[in-house]
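Before any comments, here is the structure.
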Amino acid sequence: MSEEKSFSMSETANFIHECIKNDLGENTQNIVTRFPPEPNGYLHIGSAKAVYTNFRMAEIYGGKCNLRFDDTNPMREDVEYVNSIKNDIEWLGFKLGDRIFYASDYFDKMYNCAVKLIEKGKAFVCDLTAEQIKEYRGTLSTPGKESPFRNRTIEENLRLFSAMKNGEFKDGEKTLRAKIDMFRPNINMRDPIIYRIAHVTHHNSGDKWCIYPMYDYAHPLEDAFEGITHSLCSIEFEDHRPLYDWFINELDFEVKPRQIEFAKFYIKNTVMGKRYLRQLVENNEVDGWDDPRMVTLAGLRRRGYTPEALRNFLEQTGVSKAMSVVDYSYLEHFAREDLKTKSKVIMAVLDPIKVVITNYPEGKVEMLEIENNQENEAMGTRLVPFSKELYVERDDFMEDAPSKFFRLSVGKEVRFKGAYFITCNEVVKDKSGNIIQLNCTYDEETRSGSGFNGRKVKGTIHWVSAQHAVKIEARLFDFLVFSDDSEQGYHKNPSSIVKMQNAYAEPCVNEANYDDRFQFIRNGYFCLDSRDSRPGALVFNRIVPLKSSYKPE
RNA sequence: AGGGCUGUCGCCAAGCGGUAAGGCACCAGACUUUGACUCUGGCAUUUCGUAGGUUCAAAUCCUGCCAGCCCUGCCA
């Protein structure tokens, strides 16, 4: 990554930079941040912002960032997710090394801290049922009331908590609660539950525990245990900060981590919620967590987005406290910009129509040399076969063309990219009137590279030699949903994927690797589908189309 | 007896009392063997959610109002 550019995050997120500098003074390199996902799903582009913000801040100041699996609720977690999360973060370009931690590794320390709180008279074992606790909590606008078990003796609390740990009670029978204040307007402070009983096998700690700490209790402790200086999280946790600070203070940690919140972002016409993504996967509405239409990192990767494009997007999109809804076109911009000079530019015809060059010798094949990327000469050239029968894009022909149509039409001359000027003379139709072939002639003089300068032509179109072309499938994507004013806020797009199964590409695609990206000239950027493409049956995903200022009438 | 946070161009976003950066999108033009790229120009001054106030001076400070988001899981 380029260093000049990489500092632009310091042009935004200034409220974070200010805190860091105030707290650390000259020693900003001591910063330690963390990204703490619960391993209960795949990372998506929204989570990537939290990944990026935490890792990037540490990177900017030369500090450290931990990946910590916040696995305090065993009923919804799975190792499949821990592996995908590690993989996705490294794919984004952040080195994890020995900085991978598990909240579940701290269960002993957390238990001891809870005992300490009980001993200080700051926590108690409560027998209220879930419904009662809800009732006692009060509402947004009315205060709560105190639990009748709030004033148990320290000795009794200690004995009961130990019994909870030893499995003497059933799920839900008892909880451990912090003793704070049932009358606070901030509901998080109304004697929050800090331990619950769950006789469930944990993916990491197995059956060692049947009590598990709640997020609000576990999180500040995890941060403190790891020496986190700045805990950068999304803004819905702002109301939890007083509780976070309460635990840090009550437990007398030497270094006090500080929580700073930033706003989440949304993308227009995109549902990012984990619940929704999971539902799409479970209902088989998509082809897994890595479906190219999904905004999971796995999906974006399979779609062909590069980590550089994502990082630039996250960088430029900024970090603030104001909720934002970013246009998808902003993401697309960074994808094109990244791919522009590093992709081989080749020709593929997605929706073919046959062209016969009537005055071109039967059986003749010319190998034309065409540059791989006009803006990057280092990418060299390749040889592309040209022959009597070609395919061009159906869209590139029009029978009754308006004057602003610079492509093929009867009587009009256009340039075939890297080849000759071609004039269309005749349209061949089948019985039902569908165009099945265009008969054209070429002008030998106009061969590309010959220096021909006799006349100019307005349009250049791409083509592929019929006998040499490789038949491919090209998949074109659109939004899974469109935003609307309905109650749920969106409706499904019935045509979010279009499979062009009769597409043809230059022979060179046979040598394509899974991590290659191509520009199919005038059609957009494509890459092989890592799941469905195989030799002999290539499947390409369109990463992003090219921009176009052409407006059909 | 509700609390917290946020409002600067269509979308992001700088701005921290001295007279509205930048990017995306869009529009116009130039160039072009991709209608791409690139380049040039345009794009918030009856203006910073709104109404008042303080000040020589306000997007920046104060007050009221309005709008949006979050909070009543033994989820994170």
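Order of the sequence lines fixes the chain letters, A, B, ..., with proteins taken first and strands second; residue numbering starts at 1 for each chain.
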Over how many whole Å does the gap from [X] atom [atom1] to [N] atom [atom2] extend?
X: A:Glu315; N: B:rC12; atom1: CD; atom2: P; value: 18 Å
X: A:Leu546; N: B:rC37; atom1: CG; atom2: C1'; value: 9 Å
X: A:Lys268; N: B:rC11; atom1: NZ; atom2: P; value: 9 Å
X: A:Tyr330; N: B:rC11; atom1: OH; atom2: C1'; value: 9 Å
X: A:Ile267; N: B:rC11; atom1: CD1; atom2: C1'; value: 12 Å
X: A:Lys321; N: B:rU8; atom1: NZ; atom2: C1'; value: 18 Å
X: A:Asn373; N: B:rU38; atom1: CG; atom2: C1'; value: 13 Å
X: A:Phe397; N: B:rG35; atom1: CZ; atom2: P; value: 18 Å

Between [N] and [M], how far apart are the two [atom1] atoms, rounded to whole Å?
N: B:rG2; M: B:rU47; atom1: C1'; result: 36 Å
N: B:rU38; M: B:rA20; atom1: P; result: 30 Å
N: B:rU19; M: B:rA58; atom1: C1'; result: 10 Å
N: B:rC31; M: B:rA36; atom1: C1'; result: 13 Å
N: B:rG3; M: B:rC65; atom1: P; result: 12 Å
N: B:rC37; M: B:rG23; atom1: P; result: 16 Å
N: B:rA44; M: B:rC61; atom1: P; result: 25 Å
N: B:rA21; M: B:rA13; atom1: C1'; result: 10 Å

What's [X] touching, base or sugar-phosphate or nothing? Going by heavy atoms closer than 4.0 Å.
X: A:Glu261; value: nothing
X: A:Lys417; value: base
X: A:Glu332; value: nothing
X: A:Ser320; value: sugar-phosphate
X: A:Glu135; value: nothing
X: A:Phe183; value: base
X: A:Gly459; value: nothing
X: A:Val345; value: base

Between [X] and [N], does any side-chain N or O lie under 4.0 Å from OP1 or OP2?
X: A:Lys547; N: B:rC37; value: yes
X: A:Thr12; N: B:rA14; value: yes
X: A:Ser549; N: B:rA36; value: yes
X: A:Lys340; N: B:rU38; value: yes
X: A:Arg407; N: B:rG35; value: no
X: A:Gln374; N: B:rU34; value: yes

B:rA28 pairs with which nucleotide, Watson-Crick or G-U wobble, both distances below 3.5 Å? B:rU40
Counterpart base for B:rC5, defined by Watson-Crick or G-U wobble contacts under 3.5 Å: B:rG68
Taking the ring of [Y] and the ring of [X], is the distance between their centroids below 6.0 Å?
X: A:Tyr490; Y: A:Tyr276; result: yes
X: A:Phe101; Y: A:Phe225; result: no
X: A:Tyr215; Y: A:His219; result: yes
X: A:Phe161; Y: A:Tyr195; result: yes

Per nearest nucleotide of RNA chain B, the residue lying toward the 5' end, A:Glu238 or A:Gln519, is A:Glu238
Taking for each residue the nucleotide of RNA chain B with the nearest heavy atom, is it A:Ser141 or A:Arg336 whose nucleotide lies nearer the 5' end? A:Ser141
Could you tell me whether A:Glu393 and A:Arg407 make a salt bridge, using a distance below 4.0 angstrom between a side-chain N and a carboxylate O? no
With sequence neighbours left out, the residues meeting side-chain contact (heavy atoms from CB on, under 4.5 Å) with A:Arg152 are A:Val125, A:Asp127, A:Phe149, A:Glu156, A:Asn157, A:Leu160, A:Lys174
If the sugar-phosphate is the primed atoms plus P, OP1 and OP2 and the base is the rest, what is the B/S/- string for nucleotides 64-76 of chain B, using protein heavy atoms under 4.0 Å? -----SBBBSBBB
Of all pairs that satisfy side-chain hydrogen bond (donor to acceptor under 3.5 Å, both in side chains), the ones with a partner from residues 340-351 of chain A, not counting sequence neighbours: A:Asp338-A:Lys342
Syn or anti for B:rG73, please, going by whether the chi angle lies within 90° of 0. syn
Calculate, to the nearest 0.5 Å, the distance between atoms CZ and CD1 belonging to A:Arg258 and A:Ile248 respectively. 13.0 Å
So which heavy atom on A:Glu77 is nearest to which on A:Thr72, and how close? OE2-N, 3.6 Å
Please confirm whether A:Lys268 makes a cation-pi placement over A:Tyr328, using NZ or CZ under 6.0 Å from the six-membered ring centre and within 45° of the ring normal. no
Answer with yes or no whether A:Arg184 presents, from its side chain, a donor or acceptor under 3.5 Å of a partner atom in the base of B:rG3. no
Hey, does the side-chain of A:Ser448 have a donor or acceptor N/O within less than 3.5 Å of a partner on the base of B:rU33? yes
